[in-house]
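Right, one structure below, let's go through it.
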Amino acid sequence: MNEKRKMYRLHFPSASLLIPPLETALANFSSGPEGGVVQPLRTVVPVEKYNGFLGVMPAYSAVDDALTTKLVTFYENMKDTSVPSHQATVFLFDPRNGTLKAVIDGTVITAKRTAAVSAIATKFLKPAVADVLCILGAGVQAHSHYEIFTELFSFKEVKIWNRSREKAETFAQSVKGPAQVCSSAQEAVTGADVIITVTMATTPILFGSWVKSGAHINAVGASRPDWRELDDDVMRNSVLYVDSREAALTESGDVILSGAEIFAELGEVVKGTKPALSEKTTVFKSLGMAIEDTVAAKLVFDSWSSSN
């Protein structure tokens, strides 16, 4: 008789709990083979008829003894706004024998781990005085970034912009802290010390002439080689950090099309082998890595296991 599989609602711990294991995973990834992280580039299957993509993201961490793969779909210019642009499922396996241990909703994991990695980058790269936070976008990632950034950092002002002002206002009303809705991206960016771009833009929505000298930018959207969020001015006149050099040079339109030089991986900064040049204008280009999903999925599963 086949074993009956049960479905449970898994509670996701606070995203801030992800930061220590994610810092370790980033450092291990940037250590090469000795770090024990095996993570090929994601495989992306285009669904051209519907302007969509299916991504497959496997990873193994020897340190965590964790094996996962994530299946993620992302669709641009969706007419049905009730359906998320990104949907994901994470499969967690027992690395000892390949048994499937859990199937976990990956949408929350993707949102939380992405925001946590941006927070790690910001911890190292933000200017010494960072009073104003700007978020361009008002979707799932905007919410997850707002939550962890207002938990970990002390901003005096948070400015929000989205192409749809209605969505920006809905976002501002839904969060527990302050959020000022701006009429334009330029208004939101002007004077900001930390900027987060979490949009579905395919052409630049952030321009260098707007950016305060010494600001830190977390560029999270534009995950395809022909998509952009940041213009050439931003990319070429900032110190560029990435999660993965290989991925950035293959998948990031902001990096590829601007020809910007990558200074370091974030894991190298965590390890201390590359400096965090927080006195300069910095960009962290986040594409998201499978090892981040692995760490997050294991945290969720272990948290559930300990309470059952």
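Note that the coordinates shown come from a computational prediction; the quantities given were computed from them, not determined experimentally. Computation of the quantities below employed the complete heavy-atom set of this structure, encompassing side-chain atoms and omitting hydrogens, waters and symmetry-equivalent molecules.
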Spacing of CH2 belonging to W161 relative to OG1 belonging to T197, to within rounding of 0.5 Å: 10.5 Å
Exercise: do S16 and E151 side chains pair donor with acceptor under 3.5 Å: yes
Same apolar cluster (I L V M F W Y, side chains within < 4.5 Å links), L136/Y146: no
Ring centers of Y75, Y50 separated by less than 6.0 Å: no
From CG (D243) to OG (S118), nearest 0.5 Å: 9.5 Å
Donor-acceptor contact present, side-chain S306 to main-chain S303, <3.5 Å: yes
Check: F284 ring centre within less than 6.0 Å of H216 ring centre: no
Aromatic ring pairing F74/H86, orientation class (parallel under 30°, perpendicular over 60°, tilted between): parallel
Rounded distance [0.5 Å steps], OG in S286 versus CD1 in I196: 11.0 Å
Under-4.0 Å salt bridge between K298 and D64: no
For A59 against T294, the heavy-atom pair lying closest together: CB-OG1, 3.5 Å
Euclidean distance, S278 OG relative to F124 CZ, rounded to 0.5 Å: 11.0 Å
Candidate pair I160 and V175, rule side-chain contact (heavy atoms from CB on, under 4.5 Å), full reasoning: CA-CA 12 Å; I160 307 294; V175 298; over 6 Å; no
Flag, side chain of E229 to backbone of G221, donor-acceptor distance under 3.5 Å: yes
Expected output: side-chain K274 to main-chain E265 donor-acceptor under 3.5 Å: no
Parallel, tilted or perpendicular: rings of F301 and W304 (30°, 60°): tilted
Electrostatic pair K112-E147, nearest N-O below 4.0 angstrom: yes
Smallest separation among heavy atoms of P21 and V295, with atom names: CB-CG1, 3.5 Å
Approximate separation, where rounding is to 0.5 Å, of K126 NZ and F149 CZ: 10.5 Å
Backbone of A27 reached by a side-chain donor or acceptor of S30 within 3.5 Å: no
For E251, the option from R42, R224, K285 that meets salt bridge (Lys or Arg N to Asp or Glu O under 4.0 Å): R42
Separation between OG1 of T99 and CG of D94, rounded to the nearest 0.5 Å: 5.5 Å
Main-chain N/O of T110 paired with D293 side-chain donor or acceptor, under 3.5 Å: no
Polar side-chain atom of Q39 near backbone of A290 as donor-acceptor pair, under 3.5 Å: yes
Taking every non-hydrogen atom, the tightest pair across I291 and S61: CD1-CB, 3.6 Å
Check: V37 main-chain N/O paired with N28 side-chain donor or acceptor under 3.5 Å: no
Sidechain-backbone polar pair: D233 side chain, F207 backbone, donor-acceptor under 3.5 Å: no
Criterion side-chain contact (heavy atoms from CB on, under 4.5 Å) against L230, the qualifying member of D254, V255, V211: D254
N/O donor-acceptor pair under 3.5 Å between E169 side chain and E166 backbone: no
Audit row: V269, Y241, side-chain contact (heavy atoms from CB on, under 4.5 Å) steps and yes/no: CA-CA 9 Å; V269 176; Y241 298 81; 3.5 Å; yes
Side-chain H-bond candidate by donor/acceptor type, S144 with Q141, under 3.5 Å: yes
Any donor-acceptor pair under 3.5 Å from E292 side chain to G288 backbone: no
